[in-house]
Structure formats: C-alpha cells, structure tokens
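Step one of this worksheet: look at the structure below.
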Amino acid sequence: MWDKVQETVKFLKQNEISNPEFGIVLGTGLGSLVDYIKIEKSIAYGEIPNFPVSTVAGHSGKLIYGLLGGKKVLAMQGRFHYYEGWTMQQATFAIRVMKFLGINNLIVSNASGGVNPNFSVGDVMLIKDHINLMPEHPLRGKNDERFGTRFVDMHEPYDLAFIAKFESIAKAKNSNIQKGVYLALQGPTFETPAEYKMVKILGADAVGMSTVPEVIVARHMKMKCLGISVITDLGIEGKPESVSHEEVQKAAKLAEKKISELVTAFISSF
Ligand code: HPA
C-alpha cells in the first residue's frame with residue numbers, strides 16, 4: 001500500500017498537482033461543485049496509476065485540481081463504494097494519496113436517506129458524528145505506522161471548528177442547514193422500513209452507503225474532516241416511500257447550488 005501510494009503521488013506531482021490545501025470527495029449529484037472550480041488539471045481515474053475506476057452512473061471518475069474560493073483544491077469527481085466490490089483499501093486509496101500530496105483538510109459529501117422526522121428532501125445536513133455499520137473496516141490488517149497509529153482516536157471524527165465555521169457561514173447567508181449523525185450501511189439496497197427504524201433507534205439522523213470509510217482513513221492520518229450530506233429521501237416510520245437512484249440524484253440536485261456556494265465560502269474563509 002505504501003509503495004503504491006507513493007507511486008501515485010509521484011505521478012500526480014509530475015502532472016503539476018502541487019500543494020493542494022483541501023481534498024474534496026464529491027458525492028452523488030454533487031459533482032457540479034466542479035463548475036465552481038477554476039480547473040487547472042483534470043485527470044481521468046483510468047490514467048492514474050493504482051486508481052480504481054468507478055462504475056456507478058453519476059460518478060464520472062476524474063481527479064480535478066484547481067482553485068476554489070482562492071485556494072488550491074483536489075476534488076474527486078466520483079468515489080469508490082464498497083458495494084461496487086472494491087476492497088476497503090481500494091475504496092479509500094485516494095484519501096491516502098491526498099494526504100501524501102500534502103492535504104490535511106478533507107471535505108466529503110454524500111446523499112443520504114433521512115430518518116429524522118424534522119428533515120425534508122433537499123435538506124443539507126452537516127455530519128457531526130457517524131456510526132460505522134459497514135461489514136468491513138478499512139484499517140483491518142497489519143497497521144503501517146507511516147500512515148498512522150494502530151488504534152485511532154475517533155472522539156472528533158468531524159472537526160468541530162470546521163462545523164462551527166460552516167454553520168456561521170450558512171447563518172450569515174440565511175441558509176438553513178441541519179446537523180446530525182450519519183450511519184453507514186453497505187448497500188447497495190436502500191433500507192427496508194424496519195431498517196430505517198433501526199437506523200433511527202440507533203441514534204442516527206440519516207443513512208447512506210459511503211463516507212465513513214474515507215473519514216476513518218482520513219482520521220488515521222490525522223486529516224481534519226468536514227462531512228456534508230444531502231437528504232434525498234426519507235425513511236420515516238409508518239410512511240414507507242419508494243426510492244430510486246434517479247430520484248436520489250434528482251433530489252441531490254436541489255441542494256447542489258446551495259452546497260457549492262457554502263463550500264466555496266467555507267474554503268475561501270481560510
Ligand atoms: N439509504 C442509503 N443510501 C442512500 C439513501 C438511503 O435512503 N439515500 C441516498 N443514499
């Protein structure tokens with residue numbers, strides 16, 4: 001893993017990707033944040049050594065380097081989900097690469113199903129904490145101390161100062177945002193009514209199929225994380241509703257502009 005990460009970092013540096021400050025993982029339907037990036041370089045995953053190639057519709061698979069809010073950012077347009085069949089190490093490989101390109105701040109976004117009855121479709125939820133119920137763990141196996149310690153502190157998975165800053169930016173823009181706990185399940189099935197109920201009983205506000213492995217790996221390497229989720233459907237007890245990937249993408253679009261503007265303002269505030 002170490003050698004592969006270094007090889008990929010070397011390739012990207014040779015391709016003029018230098019000193020990005022923020023890493024961004026663009027989740028379902030949020031790909032259009034790239035429209036706000038002054039792109040200097042765009043590299044298809046297929047051209048990057050050791051990068052897996054994403055297969056889900058809506059995840060186009062490019063690494064984008066450029067300026068956002070006046071800062072150098074490296075954005076993943078398309079992420080790697082465990083349910084696609086990647087190992088957890090493959091699914092989180094790009095986060096390791098980001099770290100060794102010098103990135104210490106990670107912004108991750110996703111679409112999720114809301115189980116909090118105060119939520120509506122299209123709401124933007126800052127992730128304040130998560131519950132990891134994925135069936136595999138990205139740090140299982142021999143620990144490489146060059147990345148981080150064996151037992152990783154998770155008392156502040158999502159940086160509290162980032163959350164406070166993002167909230168104050170949203171407030172100044174009169175932009176309503178929610179805050180809550182994100183629970184990660186493997187997918188790719190959406191939840192049954194009983195599973196949504198379980199998610200709520202366990203203390204989460206939203207459920208999805210990504211983000212948590214990336215944040216775990218980022219915390220292993222002491223990167224600061226900001227997590228943003230768009231509520232694209234609701235799993236409210238007694239009101240079972242159908243959901244499809246197309247509907248999730250459509251609902252994520254509703255929040256796209258708002259999130260893009262908030263993230264841009266957030267980054268430019270540093
Ligand atoms: N469950 C899991 N993943 C999701 C959902 C959901 O309801 N909505 C969007 N991604």
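Note that the structure is predicted; figures quoted are calculated from it, not measured.
With sequence neighbours excluded, the residues satisfying side-chain contact (heavy atoms from CB on, under 4.5 Å) with Ile39 are Ile37, Ser42, Ile64. Residues meeting the salt bridge (Lys or Arg N to Asp or Glu O under 4.0 Å) test with Lys257, sequence neighbours left out: Glu261. Here Lys258 pairs with Val124, Ser175, Asn176, Ile177, Leu262 under the side-chain contact (heavy atoms from CB on, under 4.5 Å) rule; sequence neighbours left out. Partners of Ser244 under the side-chain contact (heavy atoms from CB on, under 4.5 Å) rule, at least two apart in sequence or in another chain, are Glu246, Glu247. With sequence neighbours excluded, the residues satisfying side-chain contact (heavy atoms from CB on, under 4.5 Å) with Gln178 are Phe119, Asp123, Met125. Annotation: salt bridge (Lys or Arg N to Asp or Glu O under 4.0 Å) contacts of Glu136 (sequence neighbours excluded): Arg140. Listed by chain and number, the residues in a salt bridge (Lys or Arg N to Asp or Glu O under 4.0 Å) with Lys10 amount to none (sequence neighbours excluded). Every residue two or more places apart in sequence or in another chain was checked for a salt bridge (Lys or Arg N to Asp or Glu O under 4.0 Å) with Lys41, and none qualifies. For Phe266, the ring-ring contact (aromatic ring centres under 6.0 Å, His included) partners at least two apart in sequence or on another chain are Phe162, Phe166, Phe270.
Linking ILVMFWY side-chain heavy atoms closer than 4.5 Å, directly or via other members, places Met134 and Tyr196 in two distinct hydrophobic clusters.
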**OP:** Please assess Ile231 against Ser112 for the test side-chain contact (heavy atoms from CB on, under 4.5 Å), listing each intermediate value before the final yes or no.
**Re:** CA-CA 5 Å; Ile231 306 299; Ser112 65; 3.5 Å; yes
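Applying the salt bridge (charged side-chain N to carboxylate O under 4.0 Å, His left out) test to residues at least two apart or on different chains, the pairs with a partner in residues 203-218 are Arg79-Glu214. Note on residues 154-164: pairs passing side-chain hydrogen bond (donor to acceptor under 3.5 Å, both in side chains), not counting sequence neighbours, are His130-Tyr158, Asp153-His155.
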Going by atom type alone, with no hydrogens or angles, which donor-acceptor pairs under 3.5 Å involve a side-chain atom of residues 94-109 and a protein atom two or more places apart or on another chain?
unit_1: Arg96; atom_1: NH1; unit_2: His220; atom_2: ND1; d: 3.1
unit_1: Arg96; atom_1: NH2; unit_2: His220; atom_2: ND1; d: 3.2
unit_1: Lys99; atom_1: NZ; unit_2: Asn104; atom_2: OD1; d: 2.8
unit_1: Lys99; atom_1: NZ; unit_2: Met221; atom_2: O; d: 2.9
unit_1: Asn105; atom_1: ND2; unit_2: Glu21; atom_2: O; d: 3.2
unit_1: Ser109; atom_1: OG; unit_2: Val25; atom_2: O; d: 2.9
unit_1: Ser109; atom_1: OG; unit_2: Gly27; atom_2: N; d: 2.9

